[in-house]
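What follows is a single structure, written as structure tokens, with notes after it.
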Amino acid sequence: MVVLENRVKEAKAEAVIKKGVAEVQSGNTFRFGAIYGMHAIQDRKLLWEDMGKTIAGITDPYVLMGDYNTILTNEDRVQGTLVHEFKVKDFKEFIWRNGITELKTVGRKYTWTNNHVHNKIDRILVNAAWIKIWPVMEGRVLQPGFFDHCPLSITMDYEQQSGERPFKFFNCMAQHKEFEDTVYEYWRKRGGGTIMNKVWIKLKILKNKLKQINRQEFSNTGQRIQATRIYLEGIQEQMDGSGNSIESITQEKEAKTELAKWIGIEESIMKKKSMIKWLKLGDVNTTYCHTCAKSRQATNHIGNLFNNACQLLNTAKDVEAEILKFYEQLLGTAAVQLPAVSSEVMK
């Protein structure tokens with residue numbers, strides 16, 4: 001699926017957001033929108049408002065790609081004048097308000113040029129439902145050739161890559177009753193080799209123990225929240241019928257405490273995964289956190305890679321081989337000069 005610069009100037013967003021596009025390989029359906037943002041700020045604002053109304057009731061996966069005719073930040077422009085916040089404010093609010101995110105792309109960073117200024121104004125935006133089905137799918141920014149815009153491309157038969165999940169330390173683990181004793185026990189063990197090797201061995205052994213605690217105590221937080229919530233509702237229904245006995249009041253209090261604990265743990269985990277620094281625990285923005293976490297995973301995922309010969313590698317096997325080759329070539333090589341800490345700077 002490729003989109004060149006789209007100049008269909010429809011008055012209504014629903015006219016360009018199509019229904020029921022099907023992926024041949026898996027049969028999943030999604031909605032597709034070819035977007036063209038007008039040059040005037042006010043005209044674009046009307047488009048964002050109309051698009052927001054159109055996609056508000058859509059639960060299917062959808063992708064909106066094309067020429068939005070606006071940047072998001074000044075990092076999206078080189079060799080041009082700085083863009084004031086009021087010019088991009090409406091577009092930023094449209095993305096944030098509708099919970100959509102930009103799909104990771106490979107290729108050129110700047111998608112439009114007049115041979116002097118280079119801008120990134122062509123984008124691929126998707127919703128949370130899209131990321132849930134295709135979490136590591138990437139778009140491509142193709143070469144512009146004679147045109148001033150770069151075509152955008154999505155390959156729908158993208159190979160879904162999976163592997164062993166890396167270990168992640170979540171802050172909630174530090175609150176576990178066995179955490180400090182476990183760290184102390186494994187850290188005081190002695191081993192051979194260099195100091196750095198000793199540290200590496202201790203971290204590796206400790207990681208396995210922490211992974212075990214994580215699986216036993218902090219897995220399936222969503223299911224635990226649901227079960228605790230149902231248990232709390234059952235107690236409260238009994239209190240409606242039989243009155244407020246001391247036992248039922250105590251059970252209700254304990255259930256509320258347990259529910260609050262698991263909600264806090266889930267939000268702590270999702271905050272770590274999504275890297276949302278401003279989110280305060282207790283806001284219960286779990287849907288938004290899940291979307292941001294999936295988006296961040298997709299951004300960090302390496303699905304395509306250019307080698308030294310400028311050839312695009314798009315299979316997991318080829319990407320893995322190229323990365324291993326790169327680091328293997330570094331082993332055993334000597335640098336002519338190594339940067340040292342400046343004593344003058346440190347003073």
Going by the salt bridge (charged side-chain N to carboxylate O under 4.0 Å, His left out) test, which pairs reach into residues 52-61, not counting sequence neighbours?
->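 For residues 52-61: Arg31-Asp60.
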
Value rounded to 0.5 Å, distance of [atom1] in [X] from [atom2] in [Y]:
X      : Y      : atom1 : atom2 : answer
Leu259 : Gln226 : CG    : CD    : 10.0 Å
Glu93  : Lys45  : CD    : NZ    : 8.0 Å
Arg229 : Glu233 : CZ    : CD    : 7.5 Å

Same apolar cluster: Ile71 and Met65, side chain cutoff 4.5 Å |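 Shared cluster, no.
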
Can you check whether [X] reaches [Y] side chain to side chain, under 4.5 Å on heavy atoms?
X      : Y      : answer
Ile35  : Leu125 : no
Ile124 : Glu102 : no
Ile41  : Phe86  : yes
Ile100 : Tyr62  : yes
His149 : Ile121 : yes
His176 : Phe218 : yes
Asp76  : Val83  : no
Ile131 : Thr101 : yes

List the atom pairs, donor and acceptor, that lie under 3.5 Å between side-chain atoms in residues 177-186 and the rest of the protein, sequence neighbours left out.
| unit_1 | atom_1 | unit_2 | atom_2 | d |
| --- | --- | --- | --- | --- |
| Thr182 | OG1 | Glu178 | O | 2.6 |

What class does the angle between the rings of Trp48 and Phe94 fall in, given that below 30° is parallel, 30 to 60° is tilted and above 60° is perpendicular?
->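 Plane angle under 30°, so parallel.
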
Relative to each other, are the rings of Tyr68 and Phe91 parallel, tilted or perpendicular (30° and 60° limits)?
->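 Geometry flag for Phe91 against Tyr68: tilted rings.
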
Worked check of side-chain contact (heavy atoms from CB on, under 4.5 Å) between Ile205 and Ile201 = CA-CA 6 Å; Ile205 298 175; Ile201 292 175; 3.8 Å; yes

Look at the side chain of [X] and the backbone N and O of [Y], then say whether any donor-acceptor pair between them is shorter than 3.5 Å.
X      : Y      : result
Thr111 : Asp122 : yes
Lys120 : Lys109 : no
Arg44  : Met38  : yes

With no hydrogens and no angle check, do the side chains of Glu266 and Trp262 hold a donor and an acceptor under 3.5 Å apart?
->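 Checked: Glu266/Trp262 side chains show no N/O donor-acceptor pair below 3.5 Å.
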
In terms of heavy-atom contacts, does CD of Glu75 have more than 12 from other residues, nucleotides or ligands at under 6.0 Å?
->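 No, the 6.0 Å shell around CD holds no more than 12 heavy atoms from other groups.
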
Glu85 and Lys92 ion-paired at < 4.0 Å |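 Answer for the salt bridge query: yes.
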
Pair Glu320 + Lys317, salt bridge at N-O below 4.0 Å =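 Lys317 and Glu320: not salt-bridged.
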
